[in-house]
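Chain naming here is simple, since letters A, B, ... match the order of the sequence lines and numbering starts at 1 in each.
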Amino acid sequence: MPELPEVETTCRGIAPAVCARRIKSVVVREHRLRWPLPKTFAAQLEGQRILDVGRRAKYLVLTLERGALIVHLGMSGSLRVLPAETPPQKHDHVDIVLNLGHCLRFNDPRRFGSMHFTADDPLEHALLRKLAPEPLGEAFHTEYLAKQTARRKVAIKLLLMNASLVVGVGNIYASEALFRAGVRPTRPARKVKRAELDKLVPAIKTVLSDAIRAGGTTLRDYVNADGAPGYFRQKLFVYERAGEPCRKCKTPIKQLTQGQRSTYYCPTCQV
DNA sequence: ATGGGCACCTGGCTGC
DNA sequence: TGCAGCCAGGTGCCCA
């Protein structure tokens, strides 16, 4: 999926077209998402005004007059703003039809994404309640990460991708942040020294911020609210660059598997 | 509590 | 041309 920068880009992209608009109707063409949409889904949204759009971790949260709509884009999902009469394409599973002729359309080939209506505070929803601090927030600092890594044997890359410790860092940006910090992804978390964590925390923050500025990373499916791809891919140092020369030292980038996911690193720059 | 592995899905690519 | 096998921005859940 979309990792944090792609979700943030989507959030900013849909906000102008969606905020203060009223939901005229909801069209569900495919209810079998990661969690099946209940029969009541459309009726719970219809007629409500959208007050605000925000992001928590990789979840988009649309605040409504009564309750909220929570959206996760999974691995291959996207949300686009389109003229309401645009004919649906393959995998266009849900339309949120708005007044003034716009439609917020959810497309997700792999259907790992999900949508949820909640009548209560969305941050208290079961999926959001236990999430760790935002990596771009003030609560994510060296002291915090040091506390989380202490006594943990898991590889540092897997720890960074654990949403109960820090949210929003997925497979691309975990590899990229570790490269920028000069830390091998396979190092047991507890062996990563304080001085290295001092580099890693800002590395995570800057790689995510830079990616947001570039509109995210498009590898395959991801498009923003206007249907355009993200341009951060050309700024990646290691991700999907196995065998290619390191952009700093020319050593061929290596690839390995951790937790059934591909990891990329430079064997010279990362110790 | 921690760690490891699987599951959910479709589509694109590779190699026989 | 066809088909099997493998891989892909995530993450909840089950088991040791």
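- Contact annotation: Tyr59(A) reaches the phosphate of dG12(C) (side-chain N/O to OP1 or OP2, under 4.0 Å).
- Comparing atom distances between the Arg261(A) side chain and each of dT11(C), dG5(B), dG11(B) picks out dT11(C) as nearest.
- What separates CD of Gln148(A) from P of dT2(B) is a distance of 9 Å, to the nearest Å.
- No side-chain donor-acceptor contact under 3.5 Å links Lys90(A) and Asn107(A).
- The closest side-chain donor-acceptor pair between Glu46(A) and Ser25(A), if any, does not fall under 3.5 angstrom.
- Phosphate proximity of dG10(C) to His72(A): absent, as no side-chain N or O sits under 4.0 Å from OP1 or OP2.
- Leu127(A) comes within 4.0 angstrom of the backbone, heavy atoms only, and of no base.
- The P atoms of dC6(B) and dC6(C) are separated by 14 Å, rounded to the nearest whole Å.
- The NE2-C1' distance, from His116(A) to dT11(C), rounds to 11 Å in whole Å.
- With DNA chain B read from its 5' end, the first of the two nearest nucleotides for Arg151(A) and Phe112(A) is the one closest to Arg151(A).
- Atom NZ of Lys248(A) has more than 12 neighbouring heavy atoms from other residues, nucleotides or ligands inside a 6.0 Å radius.
- Between Lys153(A) and Gln260(A), the residue anchored nearer the 5' end of DNA chain B, judged by the nucleotide with its closest heavy atom, is Lys153(A).
- Donor-acceptor pairing under 3.5 Å, judged by distance alone, is absent between the side chain of Arg111(A) and the base of dC9(B).
- The side chain of Arg152(A) contributes an N or O atom lying less than 4.0 Å from OP1 or OP2 of dG3(B).
- Put simply, Ser76(A) has no side-chain N or O that comes within less than 4.0 Å of OP1 or OP2 on dT10(B).
- Across the strands present, dC9(B) finds no partner; the criterion is a Watson-Crick or G-U wobble pair with both atom distances under 3.5 angstrom.
- A sub-4.0 Å separation between OP1 or OP2 of dG12(C) and a side-chain N or O of Lys130(A) is absent.
- Taking atom CG on Leu160(A) and atom P on dT11(C), their separation rounds to 14 Å, with Å as the unit.
- With rounding to the nearest 0.5 angstrom, the NE2 atom of His93(A) is 12.0 Å from the NE2 atom of His31(A).
- A sub-4.0 Å separation between OP1 or OP2 of dT11(C) and a side-chain N or O of Lys58(A) is present.
- What separates CE of Met115(A) from P of dT11(C) is a distance of 16 Å, to the nearest Å.
- Residue Asp221(A) is classed as a base contact, given a heavy-atom separation below 4.0 Å to a base.
- Between the P atom of dT2(B) and the CG atom of Asn162(A) lies a distance of 10 Å, rounded to the nearest Å.
- Between His91(A) and dC9(B) there is no side-chain polar atom (N or O) within less than 4.0 angstrom of OP1 or OP2.
- Side-chain atoms of Tyr264(A) and Gln255(A) include a donor-acceptor pair closer than 3.5 Å.
- When only modelled atom types and interatomic distance are considered, Tyr231(A) and Thr217(A) share no side-chain donor-acceptor pair under 3.5 Å.
- One atom, CG of Asn107(A), and another, C1' of dT10(B), lie 11 Å apart when rounded to the nearest Å.
- Between dC13(C) and dC9(B), the distance separating the two P atoms is 15 Å to the nearest Å.
- OP1 or OP2 of dT11(C) has not a single side-chain nitrogen or oxygen of Arg34(A) nearer than 4.0 Å.
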